[in-house]
Structures are given as structure tokens and as C-alpha cells.
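Below: the structure, in C-alpha cells.
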Amino acid sequence: MEHYFSLDEDLQEIRMSLNKDPHIGKAIKQFWGLRLIRQDPWECLISYICATYKSIAAIKHMLNNMAEKFGEKTALDGFEFYTFPSCQTLAAASEAALASCGLGYRAKYVLETSKRICNEDYDLESLRKLPYADAKKVLMSFSGVGAKVADCVLLFSLGKTEAFPVDIWVKRVLLNHYADKLPKETVQRLSSSDSLSSGDYKRLNEFGVEYFGEYAGWAQEYLYHLERMTV
DNA sequence: ACCCAGGAATTGT
DNA sequence: ACAATTCATGGG
């Protein structure tokens with residue numbers, strides 16, 4: 001349990017190294033109790049593949065559906081729940097059955113990635129040993145996994161604290177509070193467009209990693225939560 | 001009915 | 001390399 005909530009990390013050092021400006025200072029102060037979870041990489045990978053271009057409420061619904069349909073029913077302290085389905089189970093599922101959980105076009109990605117991990121008996125934990133950039137390339141070779149999903153898995157499951165996932169909320173943070181530190185033409189393009197090209201993702205991601213350093217992922221979480229509370 | 005969502009793959013330039 | 005388009009579905 002301590003491991004799951006990252007309670008062994010040196011929070012003092014992390015907070016100090018991240019406190020580079022008043023805005024993140026405010027976020028750190030407001031979310032003093034924030035922890036990074038360490039999720040199982042398989043569950044994390046599939047969850048974030050499903051999460052692409054979906055609202056958080058809809059994501060919860062999808063994952064519940066998948067667990068009820070493909071997971072195992074277990075009980076703990078009299079509380080019943082369903083485990084997250086194994087890659088063998090999902091690899092054997094039909095695309096239609098996955099789609100009916102609310103996955104839509106993501107069903108194909110989940111199926112392809114499940115089959116590959118199952119067939120190759122791929123151990124996602126082995127990515128821990130690779131440097132951030134190398135592990136990211138491997139993850140992005142799976143179906144349905146782009147830079148954002150890869151960064152989430154690296155941060156939440158594989159201990160890469162320098163990973164800096166850029167979703168629409170982090171994009172808003174950077175535009176609203178860090179525009180003066182970004183290239184002018186990038187800021188202009190981002191504020192006039194709703195989507196994020198792969199090139200601009202890379203620019204924002206690299207800004208985060210360079211500006212906040214080896215704990216950029218923690219910075220992302222502080223900023224993300226502040227932005228969501230502020231709206 | 002309408003709008004957009006913790007983006008990625010595909011196609012066009 | 002980079003920009004535009006498409007993608008299926010649910011919750012607010």
C-alpha cells in the first residue's frame with residue numbers, strides 16, 4: 001500500500017525542486033496531500049487507450065463495463081467487485097463485445113494491443129529498465145498508444161517521474177500561465193486550434209521536462225488538479 | 001437536439 | 001516533416 005501511493009518518495013525534495021514560480025507554488029500549497037499512484041502497467045495501458053477523446057465520467061463507465069463483462073468477481077471484506085480483465089481474456093474477446101462496453105472505435109486498439117501483449121508474452125514491467133525516451137518509443141509501437149498515453153503509463157506505472165503528459169487541461173495551464181516561456185508561434189497556433197498536433201505535443205512535453213526537471217510528472221499533476229478546480 | 005470529451009490513426013500536402 | 005480529417009459513443 002505504501003508503494004501504491006508513492007509514500008516512500010521524498011516529498012520535501014520533490015516540492016522544493018518544482019517550486020519554480022508562483023503559479024505552481026499555489027498548486028503545491030493547495031494540493032499538499034497529492035500523491036502519485038503506481039498502477040499496474042497493463043491496467044494502466046488499457047485504461048488510457050480507452051480514455052482517448054472521452055470524458056472522465058464516460059471513461060469510468062467504460063472501465064466498469066469491461067470489468068463486469070470480462071473481469072472476475074471477487075469479494076474483499078464483504079464488498080464485491082470485479083477485477084480488471086487479464087490480457088488473455090481481452091485478447092480472446094470479440095471486437096463487438098468490447099465495443100458494446102462503450103469503447104467505440106477504441107475496441108480495435110484494445111484488441112490489437114491485448115493480442116500482441118498476450119502472444120509475445122510481453123512483460124511491460126521490463127520497460128522500467130529502459131531510459132524514458134526508449135521506453136516511450138516501445139509503448140508508442142502498440143496500437144492506440146500515442147505520445148500522451150505513453151507518457152501516462154510511464155508516469156503512473158513505470159516510475160518515470162520526468163514524463164510530462166500533455167492533455168487538454170495541461171495545454172490550458174501552459175497557455176494561461178506559461179505562455180511567456182513558450183515560442184510565440186506555438187502559443188498562437190494553440191490558442192486558435194482545439195486539437196494538439198504531434199509536433200506541438202512534443203514542444204509542450206519538452207518544455208515541461210526541461211522547465212520542471214526530473215519530477216516534471218509531479219508538476220503536471222499539481223498543475224492539472226489546480227486547473228480543474230479553478231474552472 | 002446539441003456539444004465535447006485526460007487523442008490516435010489515416011490520409012493528404 | 002507537418003497539417004487536416006476521421007473516428008464511436010456517452011454524459012452534461
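Order of the sequence lines sets the chain letters (A, B, ...), proteins ahead of strands, with each chain counted from 1.
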With a cut-off of 6.0 Å (strictly less than), are more than 12 heavy atoms of other residues, nucleotides or ligands near CD of A:Q188?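 No - once you tally the heavy atoms of other residues, nucleotides and ligands closer than 6.0 Å, there are 12 at most.
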
Can you name the one residue among A:V145, A:L124, A:L127 that meets side-chain contact (heavy atoms from CB on, under 4.5 Å) with A:V138?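 The single option meeting the side-chain contact (heavy atoms from CB on, under 4.5 Å) with A:V138 is A:L127.
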
Side chains of A:N176 and A:E227: donor-acceptor distance under 3.5 Å anywhere?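 Present: a donor and an acceptor within the cut-off.
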
Between A:N19 and A:Y222, is there a side-chain donor-acceptor contact under 3.5 Å, judged purely by atom types and distance?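 There is no such pair (donor and acceptor under 3.5 Å, judged by atom type) between the side chains of A:Y222 and A:N19.
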
Annotated protein contacts, base or backbone, on nucleotides 2-12 of chain C with a non-hydrogen cut-off under 4.0 Å, one of B, S, - each: -S---BBBSS-

In whole angstrom, give me the gap between the P atoms of B:dA8 and C:dG11.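 Looking at atom P only, B:dA8 and C:dG11 are 22 Å apart.
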
Given the P atoms of B:dT11 and C:dA8, what is the spacing between them in whole Å?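 After rounding to an integer number of Å, I get 14 Å for this pair.
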
Does A:A51 or A:G144 map to a spot on DNA chain B nearer the 5' end, using the closest nucleotide for each?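 The residue closer to the strand's 5' end, by nearest nucleotide, is A:A51.
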
Within this structure, what is the [atom1]-to-[atom2] distance between [X] and [N], rounded to whole angstrom?
| X | N | atom1 | atom2 | value |
| --- | --- | --- | --- | --- |
| A:I59 | B:dA8 | CD1 | P | 12 Å |
| A:K148 | B:dA9 | NZ | P | 14 Å |
| A:D151 | B:dA8 | CG | C1' | 14 Å |
| A:Y201 | B:dA9 | OH | P | 13 Å |

Only one of A:R106, A:R116, A:K115, A:E112 passes side chain to side chain donor-acceptor pair (under 3.5 Å) with A:S143; say which it is.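 Of the listed options, the one satisfying the test is A:E112.
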
Does the side chain of A:M62 come within less than 4.5 Å of A:L103's, by heavy atoms?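 They are in contact (side-chain heavy atoms under 4.5 Å apart), so the answer is yes.
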
Between A:K148 and A:Y201 (side chain of the first, backbone of the second, donor and acceptor by atom type, cut-off under 3.5 Å), is there such a pair?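 Not confirmed, A:K148 side chain does not pair with A:Y201 backbone.
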
Just distance, no hydrogens or angles: give the donor-acceptor pairs under 3.5 Å from side chains in residues 203-211 of chain A, sequence neighbours left out.
| unit_1 | atom_1 | unit_2 | atom_2 | d |
| --- | --- | --- | --- | --- |
| A:R203 | NE | A:D200 | OD1 | 3.0 |
| A:R203 | NH2 | A:D200 | OD1 | 3.1 |
| A:E206 | OE2 | A:K202 | NZ | 3.2 |
| A:Y211 | OH | A:D21 | OD2 | 2.7 |

What's A:V145 touching, base or sugar-phosphate or nothing? Going by heavy atoms closer than 4.0 Å.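 Sugar-phosphate contact only.
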
Hey, does A:Q220 reach any base, or is it just sugar-phosphate, or nothing, if we go heavy atoms under 4.0 Å?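 Contact class for A:Q220: base.
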
Among residues 135-143 of chain A, which contact DNA chain C at a heavy-atom distance under 4.0 Å?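 Nucleic-acid contacts, sorted: none.
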
I need the full list of ring pair (Phe, Tyr, Trp, His ring centres under 6.0 Å) pairs touching residues 101-153 of chain A, with sequence neighbours left out, sorted by first then second residue.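 Of all non-adjacent pairs touching residues 101-153 of chain A, those that pass ring pair (Phe, Tyr, Trp, His ring centres under 6.0 Å) are A:Y122-A:F142.
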
Side chain to side chain donor-acceptor pair (under 3.5 Å) partners of residues 55-67 of chain A, not counting sequence neighbours, each pair once: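 Residue pairs with at least one partner in residues 55-67 of chain A: there are none.
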
A:W169 and A:Y224 aromatic ring geometry - parallel, tilted or perpendicular at 30°/60° bounds: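 Perpendicular.
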
Listing time: all N or O pairs from protein to nucleotides 10-13 of chain B that are below 3.5 Å?
none

